[in-house]
Amino acid sequence: DLASAVLATSMHADIFIILTEVPCVYLDYGKPEAVPLKKVSAAELRHYYNEGHFPPGSMGPKIQAVLDFLEEEDALAIITDAEHLEAAIRGEEGTLIRRKWEKSSERLLF
């Protein structure tokens with residue numbers, strides 16, 4: 001994940017996608033009170049990361065890679081599974097992360 005972030009940064013990618021086994025990032029993953037994160041700012045995601053929501057052996061490296069990428073690029077990052085990728089690119093599924101969400105960034109790529 002971290003190597004992919006370095007590559008995406010060096011290419012100045014408009015979008016950085018991390019495919020995983022779940023449709024989106026969750027707070028309290030695996031618990032009955034799990035909350036899916038849909039559109040989130042980098043600052044909000046970092047806050048959750050610092051609170052320990054994303055363990056190193058699980059979502060942690062993916063979150064760190066996205067945060068590293070967004071520190072360098074004002075772009076879009078997506079975390080989702082292969083099944084939901086197309087819908088995530090349309091902004092309908094997955095976890096979509098930007099430095100900050102503004103009216104102009106509501107439209108994704110398509």
Side-chain angles (χ1 to χ4, degrees):
D1 297 316
L2 296 174
S4 296
V6 170
L7 179 61
T9 300
S10 70
M11 295 172 50
H12 303 289
D14 293 326
I15 185 169
F16 176 43
I17 298 170
I18 296 182
L19 291 179
T20 186
E21 297 294 319
V22 293
C24 64
V25 176
Y26 293 86
L27 297 179
D28 296 319
Y29 180 74
K31 298 178 183 174
E33 64 273 11
V35 175
L37 296 178
K38 295 299 185 172
K39 288 184 179 178
V40 63
S41 70
E44 186 179 3
L45 193 62
R46 183 170 300 285
H47 172 79
Y48 296 138
Y49 179 82
N50 290 339
E51 284 186 337
H53 283 276
F54 311 116
S58 181
M59 195 60 69
K62 293 165 182 41
I63 300 300
Q64 186 61 60
V66 163
L67 293 172
D68 289 353
F69 171 72
L70 292 175
E71 281 181 11
E72 299 297 323
E73 301 295 325
D74 189 13
L76 172 67
I78 296 174
I79 300 176
T80 192
D81 60 5
E83 180 181 339
H84 294 93
L85 178 57
E86 200 172 314
I89 291 171
R90 290 192 308 266
E92 300 166 1
E93 294 289 342
T95 298
L96 312 172
I97 310 108
R98 288 194 179 274
R99 281 185 183 173
K100 61 182 180 176
W101 281 96
E102 298 174 358
K103 205 86 155 137
S104 62
S105 62
E106 288 297 316
R107 185 167 179 269
L108 301 180
L109 297 179
F110 303 103

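Counting from 1, the numbers follow the sequence of the chain as shown.
Under the 4.5 Å side-chain contact rule for hydrophobic residues, Leu76 and Leu67 do not share a cluster. Tracing side-chain contacts under 4.5 Å through hydrophobic residues (I, L, V, M, F, W, Y), one reaches Phe16 starting from Ile97; they form part of the same cluster. Taken together through direct or relayed side-chain contacts under 4.5 Å among Ile, Leu, Val, Met, Phe, Trp and Tyr, Val66 and Tyr29 form part of one hydrophobic cluster.
Side chains of Asn50 and His47: no donor on one and acceptor on the other come within 3.5 Å.
Across every non-hydrogen atom of Ala65 and Ile18, the tightest pair is CB-CD1, 4.2 Å. Summarising the geometry of Thr95 relative to Leu37, their closest heavy-atom pair is OG1-O, 2.6 Å, with the distance given to 0.1 Å. Nearest heavy-atom pair across Leu70 and Ala77 is CD1-CB, 4.4 Å. Residues Val40 and Trp101 approach most closely at O-NE1, 3.0 Å, considering heavy atoms. Summarising the geometry of Leu96 relative to Ala88, their closest heavy-atom pair is CD2-O, 3.5 Å, with the distance given to 0.1 Å. Taking both residues in full, the closest heavy atoms of Val25 and Phe54 are given as CG1-CE2, 3.3 Å, listed atom of the first, atom of the second, then distance.
Side-chain atoms of Tyr26 and Val35, non-hydrogen and from C-beta on, never get closer than 4.5 Å to each other. In this structure the side chain of Arg98 never reaches within 4.5 angstrom of the side chain of Ser41, judged on heavy atoms. Side-chain contact between Ile63 and His53 is absent, with no heavy-atom pair separated by less than 4.5 Å. Residues Asp81 and Leu19 fail the side-chain proximity criterion, which asks for heavy atoms closer than 4.5 Å.
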Test salt bridge (Lys or Arg N to Asp or Glu O under 4.0 Å) applied to Glu71 and Arg46, step by step: CA-CA 11 Å; Glu71 281 181 11; Arg46 183 170 300 285; 2.7 Å; yes
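Checked for salt-bridge contact, Arg99 and Glu72 miss the test: no charged N lies under 4.0 Å from a carboxylate O.
To the nearest 0.5 angstrom, Glu73 atom CD is 10.5 Å from Met11 atom CE. Rounding to the nearest 0.5 angstrom, the gap separating the CD1 atom in Ile78 from the CD atom in Glu93 is 11.5 Å.
Counted within 6.0 Å of CD on Glu21, heavy atoms from surrounding residues, nucleotides or ligands total 12 or fewer; the atom is thus considered open.
With hydrogens and angles ignored, the 3.5 Å screen pairs no side-chain donor or acceptor of Ser58 with any backbone N or O of Pro55.
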